[in-house]
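What you are looking at is a predicted structure, and each value in this text was computed from that prediction instead of being measured.
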Amino acid sequence: MSAKIKYTDERIGKVKVVPDFLPPPENLIFREEGVKVTIALSKRSVEFFKNEAARHHTRYQQMIRRLLDAYAQHYSARQVTGASGRGARRRAA
């Protein structure tokens, strides 16, 4: 165990003021614009996400949102690269 620190009332000496380099709180918000929707999900899916969210100390709605975002990003990237898949066949029909 380390020794206890003893504080004194001595002079500190020459002090250099460091300018504030931290961004303001409003610049720390990394949210995309949200759109409220009403959707009916299966009870099994909601229970799954609630249980997983509890295990990871987060919100289940946020987990669902991230999953949907990842899905949309994955398949949006595939469309841009011209990959053929179910979506490509469906559009051609």
Side-chain angles (χ1 to χ4, degrees):
M1 191 170 196
S2 63
K4 188 172 182 178
I5 298 174
K6 293 183 181 180
Y7 295 98
T8 62
D9 200 16
E10 297 175 18
R11 283 186 52 99
I12 297 175
K14 190 170 182 178
V15 177
K16 180 180 177 184
V17 177
V18 177
D20 185 8
F21 61 91
L22 296 174
E26 58 270 12
N27 290 350
L28 298 175
I29 302 170
F30 301 110
R31 286 188 149 182
E32 289 188 38
E33 182 181 359
V35 178
K36 296 261 183 191
V37 297
T38 302
I39 184 171
L41 303 173
S42 69
K43 185 175 181 177
R44 180 179 58 194
S45 294
V46 173
E47 289 302 317
F48 169 81
F49 281 103
K50 283 184 176 182
N51 291 333
E52 289 299 310
R55 282 179 11 142
H56 297 285
H57 308 290
T58 189
R59 298 185 317 240
Y60 77 96
Q61 299 97 328
Q62 190 174 45
M63 290 181 72
I64 294 170
R65 183 173 38 251
R66 287 182 180 163
L67 175 67
L68 291 172
D69 287 344
Y71 183 92
Q73 181 180 2
H74 175 77
Y75 282 99
S76 294
R78 286 183 59 186
Q79 289 175 2
V80 169
T81 61
S84 62
R86 283 175 31 174
R89 280 186 255 133
R90 189 175 286 153
R91 282 191 300 278

Can you tell me how far CD of Gln62 sits from CG of Leu67, rounded to the nearest 0.5 angstrom?
12.5 Å
Tell me, do Tyr60 and Asn51 make a side-chain contact under 4.5 Å, heavy atoms counted?
no
If I take atom CZ from residue Phe48 and atom CD1 from residue Ile64, how far apart are they, to the nearest 0.5 angstrom?
10.0 Å
May I ask you to say whether Arg55 pairs ionically with Glu52, meaning some side-chain N is under 4.0 Å from a carboxylate O?
yes
Cluster question for you: counting only ILVMFWY and a side-chain heavy-atom cut-off of under 4.5 Å, with indirect links fine, are Leu68 and Leu41 together?
yes
Are Ile39 and Tyr71 linked, directly or through other ILVMFWY residues, by side chains that come within less than 4.5 angstrom of each other?
no
Do Lys50 and Gln61 have side chains that get closer than 4.5 Å, going by heavy atoms?
no
Provide the closest heavy-atom pair for Ala53 versus Arg59 in the form atom of the first, atom of the second, distance.
CB-C, 3.8 Å
